[in-house]
Amino acid sequence: MTSTASSNRWLTLLFQSTSDTTVWFQVALTILRVVVSFFMIHNGVDKLGDVEGFATNVVANGMGLPFPVFLTYCSAYAEIIGSILLILGLLSRPAALSLVFTMVMAIYFHIKVDGLQIGSFETATLYACSFLFFLVNGGGQYSLDALISNQLGGSKE
């Protein structure tokens, strides 16, 4: 296999969605992708509104992590940029991976602070599961990823 063929294979795997191709499923997938990502954006914007407060109360004191201001910016921009990419369906899997990681950290924080009280980590868990779905399945047929995959010679969805 040539290097170009191998490169195209990896690019196709990156962009190609693996989910069901029925129209109603794809419409529902697109709605879920857009709505969940749209609501996630405000979490990142909120962090940027009070970087010091989040860095001190959540990252440093709540989770005990080093470099709290830096990690706050990383989290905020992962939530904002990752969500925008997911809304567009562009680089859906890498965007979803960054969002899953961010939500796993949020779940960790809530469990560490509040224990296993469902109300505390419920929202972060629902977000994490939603983004995990897109990590596994890609952006779907109605995404820029699908358009790129088709241009690269991936299967027509």
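Only heavy atoms go into these numbers, but all of them, side chains included; no hydrogens, no water, no symmetry mates.
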Can you give me every donor-acceptor pair (side chain of residues 66-82, partner residue at least two apart or in another chain, under 3.5 Å) with its distance?
{"from": "Thr72", "atom 1": "OG1", "to": "Pro68", "atom 2": "O", "distance (Å)": "2.7"}
{"from": "Glu79", "atom 1": "OE1", "to": "Gly44", "atom 2": "N", "distance (Å)": "3.0"}
{"from": "Glu79", "atom 1": "OE1", "to": "Lys47", "atom 2": "NZ", "distance (Å)": "3.0"}
{"from": "Glu79", "atom 1": "OE2", "to": "Lys47", "atom 2": "NZ", "distance (Å)": "3.1"}

According to the salt bridge (Lys or Arg N to Asp or Glu O under 4.0 Å) rule, which pairs have a member within residues 48-76, sequence neighbours left out?
-> none
Rounded to the nearest 0.5 Å, how far apart are OG of Ser92 and CD1 of Ile87?
-> 11.0 Å
How long is the span from the CD1 atom in Ile41 to the CZ atom in Phe39, to the nearest 0.5 Å?
-> 10.5 Å
Kindly compute the distance separating CG (Asn43) from OG1 (Thr123), expressed to the nearest 0.5 Å.
-> 9.0 Å
Which pairs, with at least one residue in residues 35-44 and sequence neighbours excluded, count as a salt bridge (Lys or Arg N to Asp or Glu O under 4.0 Å)?
-> none
Roughly how far apart are Ser37 OG and Ile84 CD1, rounded to 0.5 Å?
-> 10.0 Å
Between the OG1 atom in Thr30 and the OH atom in Tyr142, the distance rounded to the nearest 0.5 Å is 7.0 Å
Give a yes or no answer on whether the side chain of Arg33 reaches the backbone of Leu86 with a donor-acceptor pair at less than 3.5 Å.
-> yes
Separation between CZ (Phe109) and CG (Asp114), nearest 0.5 Å, reads 7.0 Å
What one should report as the nearest heavy-atom pair of Gly64 and Lys112 is N-NZ, 4.4 Å
Pairwise side-chain contact, Arg93 with Phe134, heavy-atom cut-off 4.5 Å (strictly under) | no
Side chains of Phe121 and Tyr108: closer than 4.5 Å at any heavy-atom pair?
-> no
With a 4.5 Å heavy-atom cut-off, do Met103 and Met40 have their side chains touching?
-> yes
